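Lettering follows sequence order; numbering is per chain, from 1. As the structure is a computational prediction, the values presented were derived from the model and not from experiment.
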Amino acid sequence: MKFGIFFELSVPRPFLPSNERLVYENALEQVRLADELGFSTAWAVEHHFLEEYSHCSAPELFLTACAMQTRNIRVGHGAVVCVPEMNHPIRVAERAAVLDLLSGGRLEFGTARSSTWTELAGFQVDPDHTKKTWDEFVRAIPKMWTEARYAHDGVCFSMPERAVLPKPLQRPHPPMWVTVTSPGTELDAAERGIGALGVATAGFAEQERRTREYHRRVQLCDPVGDAVNDRVATLNQLFCHEDIKEAARWGNGLVNAFGLANAHLLFTREAYPTRAYGLLGNLAAGASARKKVTEDPGVGAKLPEGSAIGDPERIIAIIKQWESIGIDEINFFLNALEVIPQVKVLDSMRLFAAEVMPHFADQAPAKSAPAPVSA
Amino acid sequence: MVQFSYELAGVDVEALLPPALHPTLPLLAQWLCWSVPRSPWGTFNLCMLRLSCRSGARPRLFLRRAVIDNMAAGAGLAAGWGFHVSEAQVSLDRHYDCAEVRVHEGGRTTLAARAVAPEPLSPSDLQFFSAMHGASLPQGLRLVQFDSAIEARRAERYRPVIQDYDAAAWGDGAIRPDYPVTAFGASADITLQPVRFLCLPDELAFTGTERVAPEPSNPKEID
């Protein structure tokens with residue numbers, strides 16, 4: 001079991017430059033501490049226009065700063081949006097390769113297709129096409145990294161033969177992931193031999209079913225790259241404190257702040273009827289025309305099942321349960337909208353590292369890319 | 001039914017929504033027209049202007065204005081749901097390759113919209129959300145949650161084209177369609193459910209929600 005930290009970089013109003021800088025500075029301090037404590041990876045999302053929820057629109061810059069201030073922790077795109085209106089695939093390959101070089105081969109390369117109408121419409125993206133462009137990106141980019149020269153004649157982009165430079169440091173290339181929100185995306189990951197980077201909260205039973213199916217299918221994959229990444233990561237919240245009531249107080253604040261900010265996103269399916277997006281959101285229940293959402297608006301966000309909030313003993317028990325269903329990595333939100341004071345976030349990380357991490361023997365800084373396909 | 005969705009731009013959202021509701025970003029305006037051939041009040045055509053928002057953590061639509069061509073049905077909606085409607089000529093015409101909605105009030109067209117370039121969808125691809133509207137009740141002004149169970153049997157997605165729109169007539173000159181999002185059409189059975197939740201208009205839903213009925217009963221079926 002590996003433990004990572006995951007950043008949306010949410011910013012409370014008012015959006016003063018000083019507030020945005022504080023969020024970035026706090027995040028960098030958390031990454032430096034995570035590096036010292038033995039967390040495996042620092043992940044950063046790519047989002048655009050999502051006021052309050054995420055001001056992390058240039059993750060490659062943030063992750064470069066993370067890499068320059070640390071020695072061991074890996075840096076993860078969680079994830080690059082693979083639609084050409086937002087990111088041309090050549091630029092994605094180039095930027096990722098530079099980040100891998102600068103970090104000394106510590107890049108984890110996550111891919112995604114965006115899930116909000118706010119972002120897709122902002123870049124004039126047709127929601128029906130994002131799965132197709134994502135698929136084209138994840139097949140092309142590893143070839144840009146591994147082939148001396150590359151040419152492409154595709155649907156969402158074409159290019160004459162060129163040398164895409166530089167090449168990443170890791171061989172054959174950085175581990176590839178796809179963010180998994182909608183049910184079924186884990187199968188897309190398995191079929192292509194890339195890791196399933198969970199970014200939606202799911203209970204134990206649902207996660208176990210999806211993880212089992214992923215591991216079964218990835219054995220039969222037709223890999224898009226020269227290496228298979230067969231890991232499953234899930235997303236969680238972390239607040240660790242000796243006093244379980246104190247942990248619940250701050251942890252629930254984190255869950256509520258994140259949940260409320262998330263609930264205010266305008267997910268694609270809410271605005272635009274399409275079968276390309278199966279879920280209403282990454283926290284909301286999948287509502288359909290036949291099962292209308294009529295819940296009590298007075299009910300707030302609930303503590304998701306399996307949250308790593310509590311004293312060390314409780315968190316150890318929870319993580320062992322995640323481990324038992326085949327999860328390889330857990331990535332933690334440490335804060336949301338800065339509702340937890342920075343000093344408490346850092347103390348929570350230290351306590352987790354001292355009391356929880358030792359119970360998971362293989363927890364250590366990740367060392368290398370996954371095995372080549374031929375191995 | 002046919003619905004046209006547009007993004008709004010440059011609007012003062014705080015002036016368009018009560019304090020209890022929070023806007024989506026971007027704020028969407030939706031013109032939803034029901035053409036109802038059978039109901040407890042007979043045939044009617046209803047057109048509603050609603051804004052996308054959140055009540056607490058729930059996706060909702062806030063009703064800004066509704067017009068109807070059968071005031072008996074309007075009275076039924078008012079009596080059962082505190083739903084305020086104005087009288088107008090409302091028409092919804094669905095053709096093979098388009099759908100058209102027209103609203104005439106006071107001798108002039110206040111909405112003329114065409115849904116073009118149809119693409120078939122599965123009815124399950126559509127999302128329907130509860131709406132909220134303001135109502136004067138004995139206990140004071142409240143937001144009423146308007147729940148309708150919708151069983152869609154056929155659905156199409158269209159490109160929306162608003163040809164004529166009188167922003168002032170729709171109650172607020174600030175609501176002007178800016179960026180087209182989508183349109184959809186559907187044939188459906190609609191069951192209006194009894195009011196279950198009332199919310200204070202100036203308080204967050206987490207603390208300002210009152211449950212007034214346990215579960216739907218005696219629904220009014222229309223289609």
Is it the side chain or the backbone of B:L28 that comes within 4.5 Å of chain A heavy atoms, both, or neither? side chain
Flag the pair A:R210 and A:E213 as a salt bridge only when some basic side-chain nitrogen lies within less than 4.0 angstrom of an acidic carboxylate oxygen. no
Polar side-chain atom of B:R64 near backbone of B:L16 as donor-acceptor pair, under 3.5 Å: yes
For the interface with chain A, which of B:G208, B:P26, B:S5 has the highest count of heavy-atom pairs at distances below 4.5 Å? B:P26
Could you go through A:H47 and A:E119, starting from their C-alpha distance and side-chain angles, then the distance that decides it, and tell me whether this counts as side-chain hydrogen bond (donor to acceptor under 3.5 Å, both in side chains)? CA-CA 7 Å; A:H47 280 311; A:E119 293 168 281; 3.0 Å; yes
Side-chain donor-acceptor pair present, A:N262, A:Y53, cut-off under 3.5 Å: yes
For each of A:T116, A:D128, A:L50, tally heavy-atom pairs with chain B at distances under 4.5 Å, and name the one with the top tally. A:D128
Below 4.5 Å from any heavy atom of chain A, which atoms of B:E210 appear? Answer side chain, backbone, both or neither. neither
If you take all heavy atoms of A:G78 and A:L197, which pair is closest and at what distance? CA-CD2, 4.0 Å
Looking at B:E119, B:R54, B:H22, which one has more heavy-atom pairs under 4.5 Å with chain A than the rest? B:R54
